[in-house]
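A short worksheet on the structure shown next.
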Amino acid sequence: THTNLNNIATNHTDTLYNACAGTYSVFLIDANGCVSATSTVTLGQPTKVVSVPTFTNPLCNGVCNGVIQDNPGGGIPPYICTMDSAGGAGPNLAMPGCSVSGLCAGIYTVFATDAHGCKDTNVVNITSPPVVAFVKTPASGILNIPCKSACSGSVSVTNVTGGVAPYTFVWTPAVGT
């Protein structure tokens with residue numbers, strides 16, 4: 001209950017400050033003890049702002065083509081999206097359209113801020129696939145062909161690791177496989 005006796009004689013207005021969301025009723029009592037009708041007002045609040053990022057990891061190890069797209073909701077639009085850089089380039093880097101591309105592997109902090117300045121934070125871990133590697137046989141890379149112009153040599157690639165399967169083997173110059 002809030003009773004303001006300071007405004008009775010000098011001011012015909014009153015304000016309830018620091019009110020939380022909820023329903024409030026007010027009525028007046030005049031100098032003769034007469035009571036007014038009660039009026040009710042409900043103070044609402046928006047739902048909590050939420051940052052909902054999606055991301056695409058870089059396609060290859062050491063390549064910086066990752067993407068973060070934030071899809072904020074709740075709160076009061078429009079939203080401003082910013083991020084802290086994994087590379088230490090600084091806090092609150094702009095994310096025009098709540099999207100940023102050209103990202104290297106690293107941990108990024110994404111912020112969604114609504115029109116009232118309410119904010120939510122999310123952490124995104126951009127990862128790269130492992131380096132593509134293989135073993136060739138013979139290991140020296142040299143295999144002598146028994147006769148000149150015989151084209152009877154062979155080289156094998158085995159134990160392929162890293163990257164993302166399936167793999168395409170490209171030989172240059174191209175000969176029989």
Side-chain angles (χ1 to χ4, degrees), residues 18 20-22 42-177:
N18 300 316
C20 296
T42 299
L43 297 178
Q45 66 182 4
T47 58
K48 180 184 182 312
V49 175
V50 291
S51 167
V52 186
T54 58
F55 62 93
T56 304
N57 289 320
L59 298 175
C60 300
N61 187 282
V63 176
C64 296
N65 61 357
V67 177
I68 296 175
Q69 170 72 47
D70 200 4
N71 304 291
I76 304 294
Y79 305 101
I80 296 172
C81 298
T82 57
M83 63 180 268
D84 283 349
S85 170
N92 298 318
L93 300 172
M95 293 176 65
C98 290
S99 181
V100 64
S101 59
L103 299 175
C104 299
I107 297 174
Y108 298 85
T109 304
V110 178
F111 304 94
T113 306
D114 77 354
H116 290 171
C118 301
K119 186 180 284 191
D120 189 34
T121 303
N122 238 309
V123 175
V124 177
N125 186 10
I126 299 288
T127 60
S128 288
V131 173
V132 177
F134 60 89
V135 174
K136 67 180 185 298
T137 305
S140 67
I142 299 172
L143 177 66
N144 289 323
I145 297 173
C147 301
K148 183 172 174 70
S149 302
C151 297
S152 61
S154 66
V155 177
S156 295
V157 172
T158 60
N159 298 325
V160 177
T161 60
V164 179
Y167 304 101
T168 301
F169 296 86
V170 179
W171 296 89
T172 56
V175 293
T177 56

Would the distance check show the side chain of [X] and the main-chain N or O of [Y] forming a donor-acceptor pair, the cut-off being under 3.5 Å?
X	Y	value
D114	G75	no
N61	P129	yes
Y79	G74	yes
N65	L59	yes
N71	V52	yes

Please assess I107 against V124 for the test side-chain contact (heavy atoms from CB on, under 4.5 Å), listing each intermediate value before the final yes or no.
CA-CA 6 Å; I107 297 174; V124 177; over 6 Å; no
Side-chain H-bond candidate by donor/acceptor type, Q69 with S99, under 3.5 Å
yes
With a 4.5 Å heavy-atom cut-off, do [X] and [Y] have their side chains touching?
X	Y	answer
C60	S128	no
I68	V110	yes
L93	M83	yes
D120	K48	yes
I126	P58	yes

Step-by-step side-chain contact (heavy atoms from CB on, under 4.5 Å) determination, F111 to I80
CA-CA 8 Å; F111 304 94; I80 296 172; over 6 Å; no
Closest heavy-atom pair, M95 versus T82, reported as atoms and distance to 0.1 Å, is SD-O, 3.6 Å
What one should report as the nearest heavy-atom pair of S51 and D70 is OG-OD2, 2.9 Å
Among L103, V100, N122, side-chain contact (heavy atoms from CB on, under 4.5 Å) partner for Y108
L103
Can you tell me if F134 has over 12 outside heavy atoms packed within less than 6.0 Å of its CZ?
no
